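We count residues from 1, following the sequence as given. Order of listing sets the numbers, starting from 1, for every ligand and every atom in it. All of these numbers come straight from a predicted model, not from anything done at the bench.
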Amino acid sequence: MLALVQERESMREAGHFVVELNSLSKYYDEVPAVANVSLGVRRGELLCLLGPSGCGKTTTLRMIAGFVEPTSGTVSINGSDMTHQPPYRRDTGMVFQSYALFPHMTVAENIAFGLENLKWPREKRETRVEEMLKLVELPHLTQRFPSQLSGGQQQRIALARALAMRPAVLLLDEPFSNLDALLRVRMREELRQVVRSVNVTTLFVTHDQEEALTMSDRIVVMNAGHVEQVGTPGDIYEAPLTPFVAKFIGWCSLLKGTVGPDGAFTSSAGLRLGGNWSVGPSTAVIRPEQIKLAADSAAGPCHQARVLQAHYYGGATRLLLDLNGEQLTMQERFPFGCHPKPGDVVNVRINMHEIRVIQADERP
Ligand SMILES: Nc1ncnc2c1ncn2[C@@H]1O[C@H](COP(=O)(O)OP(=O)(O)OP(=O)(O)O)[C@@H](O)[C@H]1O
Ligand SMILES: [Mg+2]
């Protein structure tokens, strides 16, 4: 904890945090939408706010942009307190979930809107619009209206409009939620490239864990208005601090139980997992890829499991297993025609050294 405070202090002094939230809260009729969120976003970082519907992602983003007044706490941008400043003073650009392009304006007029408000001369505006359209690879669409664009094109224009002001901070609220699955994947890559090329500090809201894992430098997992964990995609997936984070990121089976004096974990149904964990009440997090079919028992301890459900995903089959009274999910690629069915018995081995066991009192 002390190390974390020291890191924050030294980063603050070095001016690394472009956005800094201190004990930020928003209450609606005494109900917290966001509760006591503290966070520093580093220069040039792509940080993702991830969490289930209603956990406070949009409210946090809108407090940073200045569209929602915090009940308490502060928002600093580039070292200045912006808590009570209007949006246009904050040096932020925002892309809303619905894109919010002005329907009666052409693409060029949409992108130039903020620049016109700043009284930029026409020539300078046109140069910047051209530059932005080139950046999002839509240079031929200047005179179209939003209704004449596809969802993906509107998304890119909204991004171009937000970036035209060269903001210090780019705020994106679920910008891909209206796109089909294939376009989403392509847009993720494009967005990463665009924000990297202009090196803008970016906060990105999503409730899609795959989007968060593939795009972010760091992920902030939110739950019911508070921050549950902050870390790199690897930290969050491999070392979740709470059962909530484990469950929210990636598929996993959570087993409640206790670690005994010998360091082994025993689940409440009696499944024993040998290891060297810290003693006490705990939750074991087992990912599907940590369970493998065991060809023979000579190579180490294995378990007999009964298949409860089998779901074919093309590249792999996901099995729900009953293992000593506990239900666990595993994933494996089976040869064509050899897929297990419900009722089959399989031999499996659990990669104990990869399993994460979260102690009850370790939770923040
Ligand atoms: N203007 C408002 N008045 C009252 N309650 C609100 C208001 N805006 C948001 N809330 C409540 O605050 C909580 C957080 O809302 P928020 O929009 O930040 O969630 P979110 O994480 O963005 O969810 P989603 O993924 O569904 O967009 C919700 O319970 C919501 O109902
Ligand atoms: Mg939202």
Novice: When you look at R156 and E137, which way does the salt bridge (charged side-chain N to carboxylate O under 4.0 Å, His left out) test go after all the steps?
Specialist: CA-CA 9 Å; R156 276 184 269 178; E137 295 179 4; 5.1 Å; no

Novice: So which heavy atom in the protein is nearest atom 25 (O) of ligand 1, and how far is it from that ligand atom?
Specialist: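 Ranked first by proximity to atom 25 (O) of ligand 1 is K57 NZ, 2.7 Å.
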
Novice: Can an N or O of G51 be found at a distance shorter than 3.5 Å from an N or O of ligand 1?
Specialist: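 No, since none of the N or O atoms of G51 sits under 3.5 Å from an N or O of ligand 1.
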
Novice: Is there a protein heavy atom at a distance of less than 4.0 Å from atom 30 (C) of ligand 1?
Specialist: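 Not a single protein heavy atom is under 4.0 Å away.
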
Novice: So which of T266, T283, I286 actually passes side chain to side chain contact (heavy atoms under 4.5 Å, CB included) with L255?
Specialist: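 Of all the options given, the one that passes is I286.
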
Novice: Any protein heavy atom at under 4.0 Å, with atom 18 (O) of ligand 1 as the reference point?
Specialist: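 Protein heavy atoms within 4.0 Å of atom 18 (O) of ligand 1 - there is at least one.
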
Novice: Does an N or O anywhere in A33 fall below 3.5 Å from an N or O of ligand 1?
Specialist: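 No - when backbone and side-chain N and O of A33 are compared with those of ligand 1, no distance drops under 3.5 Å.
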
Novice: Write out the residue and atom name of the closest protein heavy atom to atom 23 (O) of ligand 1, then the distance separating them to 0.1 Å.
Specialist: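 For atom 23 (O) of ligand 1, the nearest protein heavy atom comes out as G54 N, 2.7 Å.
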
Novice: My understanding is that we take every heavy atom of each candidate and find the minimum distance to atom 22 (O) of ligand 1. Doing that for V205, T58, T59, which one comes out nearest?
Specialist: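 That would be T58.
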
Novice: Are more than 12 heavy atoms from other residues, nucleotides or ligands located less than 6.0 Å from atom CZ of R196?
Specialist: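 Count over threshold, so yes.
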
Novice: Going by the side-chain hydrogen bond (donor to acceptor under 3.5 Å, both in side chains) test, name the single residue among H311, E289, R318 that passes it with Q331.
Specialist: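 Looking at H311, E289, R318, the match for Q331 under the side-chain hydrogen bond (donor to acceptor under 3.5 Å, both in side chains) is R318.
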
Novice: Who's the nearest protein heavy-atom neighbour of atom 3 (N) of ligand 1, and how far?
Specialist: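 Atom 3 (N) of ligand 1 sits closest to the protein heavy atom Y28 CD2, 3.4 Å.
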
Novice: Which residue and non-hydrogen atom of the protein lie closest to atom 26 (O) of ligand 1, and at what distance in Å?
Specialist: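 Residue, atom and distance for the closest contact: S53 OG, 2.5 Å.
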
Novice: Q290 side chain to N351 main-chain N or O, any donor-acceptor pair under 3.5 Å?
Specialist: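 Answer holds: no.
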
Novice: By residue and atom, what protein N/O/S atoms are less than 2.8 Å from the Mg ion (ligand 2)?
Specialist: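 Listed by chain and number, the atoms are T58 OG1.
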
Novice: Can you tell whether the side chains of D208 and R184 come within less than 4.0 Å, N to carboxylate O?
Specialist: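 Salt bridge between D208 and R184, a charged N being under 4.0 Å from a carboxylate O: yes.
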
Novice: Pull out every atom of ligand 1 sitting under 4.0 Å from any heavy atom of E174, numbered as shown with elements.
Specialist: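 In order of number, 25 (O).
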
Novice: Report yes or no: does R90 contribute a side-chain atom to a donor-acceptor pair with the main-chain N or O of Q85 at less than 3.5 Å?
Specialist: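 Between the backbone of Q85 and the side chain of R90 there is a qualifying donor-acceptor contact (under 3.5 Å).
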
Novice: Are side-chain N/O atoms of T74 and D81 paired as donor and acceptor at under 3.5 Å?
Specialist: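 Distance-only check fails for T74 and D81.
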
Novice: Could you list the residues that satisfy ring-ring contact (aromatic ring centres under 6.0 Å, His included) with Y27, not counting sequence neighbours?
Specialist: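 Not a single residue meets the ring-ring contact (aromatic ring centres under 6.0 Å, His included) criterion with Y27.
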
Novice: State the atoms of ligand 1, each with its element, that fall below the 4.0 Å cut-off from a heavy-atom position in C55.
Specialist: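 Answer, ordered by atom number: 19 (O), 21 (O).
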
Novice: Which atom pair, heavy atoms only, marks the closest approach of T60 to L21?
Specialist: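 Closest heavy-atom pair between T60 and L21: CG2-CD1, 4.0 Å.
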
Novice: Using a strict cut-off of less than 4.0 Å between a Lys/Arg side-chain nitrogen and an Asp/Glu carboxylate oxygen, indicate whether E354 and R287 qualify as a salt bridge.
Specialist: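 No salt bridge links E354 with R287.
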
Novice: What atoms of ligand 1 come within less than 4.0 Å of a heavy atom belonging to G56?
Specialist: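 Once the distances to G56 are compared, the set is 14 (C), 18 (O), 19 (O), 20 (P), 21 (O).
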
Novice: Between the main-chain N or O of L50 and the side-chain N or O of T206, is there a donor-acceptor pair closer than 3.5 Å?
Specialist: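 Flag not set: sc T206 to bb L50 has no pair under 3.5 Å.
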
